[in-house]
Amino acid sequence: MPGKRSDVISWDEFFMRVALAASLRSKDPNTQVGACIAGPDNRILSVGYNGTPTGINDDDFPWDTTEDPLTDKHNYVIHAEANAILNYRGALKELSGARVYVTLFPCQECAKMLAQAGIGEVIYLDDKYRGTIGDDISRSVLDKCGVVYRKMGLPEEVLQGWGSAK
């Protein structure tokens, strides 16, 4: 009788690959972000990506950054972490202690939402905004709320073709 395979990917890699797959649904031409929330029992609780609210047709949406707040994409797009929380169909208390795998370190608004939802750990791929005031605030929120975070890597072949990893 043959033994079981030993070259399986880790849970971290599995969930981050799910987050990467979710990011491929984003229509944002500059930054595609995906998130996957996993429970303590290694079950996927929810997935999200950065996109427009349900009532806005994202095919017709002007995906530009502009000086006009009424046409700037940043005032309309819902971030991947927020969408993952909003997409969750269980009781919010069940997110307590869960892990979120996200392709980009959370912004300060998402950090607050993750902490409020009870997420216990943030695992991220990229932190392209590291050193900005928003990033400093995000880290401060997570630190003060007891949410741990860590950066992880993935094999280069997994990251090929993914926009934010370039």
Side-chain angles (χ1 to χ4, degrees), residues 1-54 58 77-131 135 138-166:
M1 172 183 254
K4 69 179 183 177
R5 279 185 50 224
S6 61
D7 60 342
V8 298
I9 62 174
S10 68
W11 284 115
D12 279 349
E13 185 171 339
F14 174 75
F15 295 126
M16 191 59 79
R17 284 180 183 232
V18 172
L20 271 172
S23 76
L24 298 175
R25 287 286 310 143
S26 174
K27 297 206 172 83
D28 189 317
N30 298 315
T31 306
Q32 302 81 44
V33 182
C36 175
I37 300 175
D41 59 354
N42 292 321
R43 294 183 190 270
I44 293 174
L45 300 176
S46 189
V47 175
Y49 60 90
N50 60 319
T52 58
T54 302
D58 56 14
V77 171
I78 301 172
H79 289 184
E81 304 92 324
N83 264 327
I85 292 168
L86 292 167
N87 289 338
Y88 182 60
R89 294 298 178 235
L92 270 183
K93 68 180 181 179
E94 295 167 2
L95 293 179
S96 183
R99 303 179 312 277
V100 65
Y101 293 80
V102 64
T103 58
L104 183 62
F105 191 83
C107 73
Q108 64 197 53
E109 293 301 314
C110 288
K112 291 186 289 188
M113 283 187 265
L114 292 168
Q116 188 69 9
I119 298 294
E121 185 175 12
V122 174
I123 300 100
Y124 63 97
L125 269 184
D126 191 10
D127 57 353
K128 73 178 184 178
Y129 297 110
R130 178 76 177 183
D135 180 72
S138 295
R139 290 171 193 276
S140 177
V141 166
L142 296 174
D143 289 342
K144 289 176 179 171
C145 294
V147 179
V148 297
Y149 49 90
R150 61 185 163 91
K151 185 173 184 175
M152 72 170 278
L154 284 176
E156 194 58 42
E157 64 271 10
V158 174
L159 296 174
Q160 286 181 332
W162 178 61
S164 295
K166 295 180 181 175

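- Pairs engaging residues 100-121 under the ring-ring contact (aromatic ring centres under 6.0 Å, His included) rule: F15-Y101, F105-Y124, F105-Y149 [sequence neighbours left out].
- Note on residues 109-118: pairs passing side chain to side chain donor-acceptor pair (under 3.5 Å), not counting sequence neighbours, are E109-K112.
- Between A98 and G39, the closest heavy-atom pair is CB-CA, 4.3 Å.
- Heavy atoms only, all atoms of each residue included: V33 and A80 are closest at O-CB, 3.5 Å.
- For F14, the side chain to side chain contact (heavy atoms under 4.5 Å, CB included) partners are I9, W11, V18, I44, not counting sequence neighbours.
- Under the salt bridge (charged side-chain N to carboxylate O under 4.0 Å, His left out) criterion, R5 pairs with D7, not counting sequence neighbours.
- Residues N83 and G48 approach most closely at CB-CA, 4.1 Å, considering heavy atoms.
- Ionic pairing of K128 and D126 is not present here: no N-O contact between side-chain nitrogen and carboxylate oxygen is shorter than 4.0 angstrom.
- Using a 4.5 Å heavy-atom threshold, the side chains of D12 and R150 count as touching.
- Looking at every heavy atom in both residues, A82 comes nearest to M113 through CB-CE, 3.7 Å.
- V147 places none of its side-chain heavy atoms less than 4.5 Å from the side chain of V141.
- Remark: D127 pairs with R139, K151 by the salt bridge (charged side-chain N to carboxylate O under 4.0 Å, His left out) rule, at least two apart or across chains.
- Closest of all the heavy-atom pairs between C110 and E81 is SG-OE1, 3.5 Å.
- Listed by chain and residue number, E13 satisfy the salt bridge (charged side-chain N to carboxylate O under 4.0 Å, His left out) test with R17 (two or more places apart in sequence, or in another chain).
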